[in-house]
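Structure first, commentary second.
Remember, predicted model here, so these are calculated numbers, not experimental data.
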Amino acid sequence: MSTDSSSSSLVLTDEVGSKGVITLNRPKALNAINLEMVQLIYGAMKRWENTKSLVIVKSVGEKAFCAGGDVRAITETSNVELARQFFSTEYGLNALIGSYRPTYIAFIDGITMGGGVGLSVHGKYRIATERTMFAMPETAIGLFPDVGGGYFLPRLEGRLGLYLGLTGYRLKGRDVHKAGVATHYVESKNLPALEQQLLATTSATEVESVLDRFSESKDAGVEFVLAKHLRQIDECFGAPTVEGIFKRLETDGSEWAQSTLSTLHKMSPTSMVVTQKQLELGAKMDLKTCLKMEYRLAVHHAIDSDFKEGVRAMLVDRDQKPRWKPATLAEVDPVRIEKYFGPLPDGSELQFEDDGPKASL
């Protein structure tokens, strides 16, 4: 085994013959990824792209795989250029994961939110454990479910993805597998043995065999936590607008519907409208096209949105009292929403390596 990172590095990389292991090493920050970490992960993956047959991504500590992107760093500086650099690099990594030649396996053991979802969900295999807690909570901070959320969320069963994207609902353990976010469920105590056996495989068929041997059937254990509400989710979140979703929930009137309404009333109205449109469009896009759309959205949000206020209320001051502008769905301006999806002021767009020369950011 060769190791090319010191233990003080935010990202550790190990090579085991034809296999590679990337370990997020920022446990005190719940392995939230910053620009340096994204660059380190991307660099390792590019080095290994044509020489490795399998890459495992995991993290240090038992609490979190990756709790998200370091959004505080972006909003506290009010530096749009930093936002451009972070989002373009992060989305470039998401795209690379989605088309990676080596078999990509993420051990999503612990909290997996936002940027952590982007590090895992586009890869071939995602291994959940009893400690996994998945969520896309961006509407609560005035953003939208990025990192390819517009691509993978609408591809979940029925309207489950839109429900998760608008409410930030937290799925835990086996439910992450049952929802289709994870491809396998393995008890955390078995991860070291699983890793060891994966690193000893010699073919894709063997990888499948090892994963199947360690994992639990999707039908095993208790019923999916949202099973009894899937029909209501499809009906209520099948409305063509966010206002329509609210009306259908009000008409439903059940305890679940009232609880869901209570949650949605806390979210940024602008973010919810953006998210609904993002997923509607993303359902018809490939991953790279979706990420280019999300890059526009992200930079527009860094320029003018509820993003900074949401981060202040939820992550900085923690008063849980964001002052959304506008404060209600009725006041959300359709023209402003369209602008979020439109070209950026300086004409720059997200480009990937295989698109040709990168745009000047």
Side-chain angles (χ1 to χ4, degrees), residues 1 3-16 19-45 54-73 86 90 93-94 97 104-123 125-138 141 147 168 170-177 181-199 211 214-216 311 314-316 318:
M1 178 185 288
T3 304
D4 61 8
S5 296
S6 70
S7 60
S8 62
S9 175
L10 294 173
V11 176
L12 310 177
T13 57
D14 297 327
E15 296 184 58
V16 186
K19 318 293 196 306
V21 181
I22 296 171
T23 307
L24 308 186
N25 186 32
R26 200 185 177 203
K28 289 183 179 177
L30 298 178
N31 296 309
I33 49 172
N34 56 22
L35 179 59
E36 179 186 353
M37 293 172 74
V38 175
Q39 290 170 331
L40 288 169
I41 297 165
Y42 186 87
M45 287 182 62
L54 181 147
V55 172
I56 293 173
V57 179
K58 60 177 187 173
S59 59
V60 170
E62 298 180 353
K63 288 184 178 179
F65 166 66
C66 173
D70 195 350
V71 291
R72 284 185 63 165
F86 177 77
E90 183 183 30
L93 175 58
N94 301 149
I97 292 168
Y104 186 92
I105 304 176
F107 287 1
I108 53 173
D109 181 30
I111 299 167
T112 303
M113 299 195 295
V117 176
L119 275 182
S120 55
V121 78
H122 305 302
Y125 300 115
R126 290 89 65 189
I127 317 303
T129 75
E130 77 281 1
R131 298 189 296 219
T132 303
M133 192 279 281
F134 161 93
M136 293 297 282
E138 289 80 8
I141 57 167
V147 296
R170 298 180 172 194
L171 292 171
K172 298 176 182 177
R174 288 176 176 82
D175 289 316
V176 181
H177 182 211
V181 174
T183 58
H184 297 79
Y185 175 85
V186 176
E187 291 290 322
S188 59
K189 65 184 179 184
N190 295 325
L191 287 181
L194 172 61
E195 180 179 348
Q196 190 176 25
Q197 292 198 27
L198 288 171
L199 294 176
L211 288 171
F214 274 83
S215 70
E216 212 177 74
V311 171
M314 307 306 288
L315 303 175
V316 181
R318 296 177 182 270

Review point. side-chain contact (heavy atoms from CB on, under 4.5 Å) between I127 and T132: does it pass, once the steps are laid out?
Key: CA-CA 9 Å; I127 317 303; T132 303; over 6 Å; no
With rounding to the nearest 0.5 Å, note down the distance linking [atom1] in [X] to [atom2] in [Y].
X: M133; Y: I111; atom1: CE; atom2: CD1; value: 5.0 Å
X: I108; Y: H177; atom1: CD1; atom2: NE2; value: 10.0 Å
X: Y185; Y: D175; atom1: OH; atom2: CG; value: 10.0 Å
X: L12; Y: S59; atom1: CG; atom2: OG; value: 10.5 Å
X: K172; Y: T112; atom1: NZ; atom2: OG1; value: 13.0 Å
X: E130; Y: K189; atom1: CD; atom2: NZ; value: 8.5 Å

Practice item. Say whether S188 and D109, considering side chains only, have a donor N or O and an acceptor N or O under 3.5 Å apart. Key: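 No, because no side-chain N or O of S188 sits under 3.5 Å from a partner of the opposite role on D109.
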Just wondering, do [Y] and [X] contact through their side chains at under 4.5 Å, heavy atoms?
X: F214; Y: Q197; answer: yes
X: V11; Y: I22; answer: yes
X: K19; Y: L198; answer: no

Review point. Do Y125 and H184 have their ring centres less than 6.0 Å from each other?
Key: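 Ring-ring flag for Y125/H184: true, centres closer than 6.0 Å.
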Review point. Can L35 and E90 be said to form a side-chain contact (heavy atoms from CB on, under 4.5 Å), step by step?
Key: CA-CA 8 Å; L35 179 59; E90 183 183 30; over 6 Å; no
Exercise for review: Output, in order, the C-alpha distance, side-chain angles, deciding distance and verdict of salt bridge (Lys or Arg N to Asp or Glu O under 4.0 Å) for D70 and R26.
Suggested key: CA-CA 11 Å; D70 195 350; R26 200 185 177 203; 3.3 Å; yes
Non-hydrogen atoms of [X] and [Y] that approach each other most closely:
X: N31; Y: V60; result: ND2-O, 3.0 Å
X: V186; Y: L191; result: CG1-CD2, 4.3 Å
X: C66; Y: A32; result: SG-CA, 4.2 Å
X: F107; Y: F65; result: O-CD1, 3.2 Å
X: V117; Y: A135; result: CG2-O, 4.1 Å
X: V176; Y: F134; result: CG2-CB, 3.9 Å

**Study point:** Non-neighbouring partners of E62 that pass side-chain hydrogen bond (donor to acceptor under 3.5 Å, both in side chains), sequence neighbours left out
**Key:**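 By the side-chain hydrogen bond (donor to acceptor under 3.5 Å, both in side chains) rule, E62 matches no residue at all.
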Check your understanding: L24 and I41: side-chain contact (heavy atoms from CB on, under 4.5 Å), yes or no, with the steps?
Key -> CA-CA 9 Å; L24 308 186; I41 297 165; 3.5 Å; yes
**Study point:** Pairing residues for K58 by the salt bridge (charged side-chain N to carboxylate O under 4.0 Å, His left out) criterion, not counting sequence neighbours
**Key:**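 Once residues adjacent in sequence are excluded, the partners of K58 under the salt bridge (charged side-chain N to carboxylate O under 4.0 Å, His left out) criterion are E195.
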**Study point:** Exceeds 12 heavy-atom contacts within 6.0 angstrom, atom CD of E187
**Key:**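 Yes, because the 6.0 Å sphere around CD of E187 holds more than 12 heavy atoms from other groups.
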Check your understanding: Within a radius of less than 6.0 Å around CZ of R131, do more than 12 heavy atoms belonging to other residues, nucleotides or ligands occur?
Key ->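 Count over threshold, so yes.
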Review point. Do you know which of D14, V21, L194 makes side chain to side chain contact (heavy atoms under 4.5 Å, CB included) with L199?
Key: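 Testing L199 for a side chain to side chain contact (heavy atoms under 4.5 Å, CB included) against D14, V21, L194 leaves exactly one candidate, V21.
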Check your understanding: Has the side chain of R72 got a donor or acceptor atom that lies under 3.5 Å from a matching backbone atom of L315?
Key ->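 Yes; at least one donor-acceptor contact below 3.5 Å.
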Practice item. Determine, stepwise, if the pair L93 / L119 fulfils side-chain contact (heavy atoms from CB on, under 4.5 Å). Key: CA-CA 8 Å; L93 175 58; L119 275 182; 3.5 Å; yes
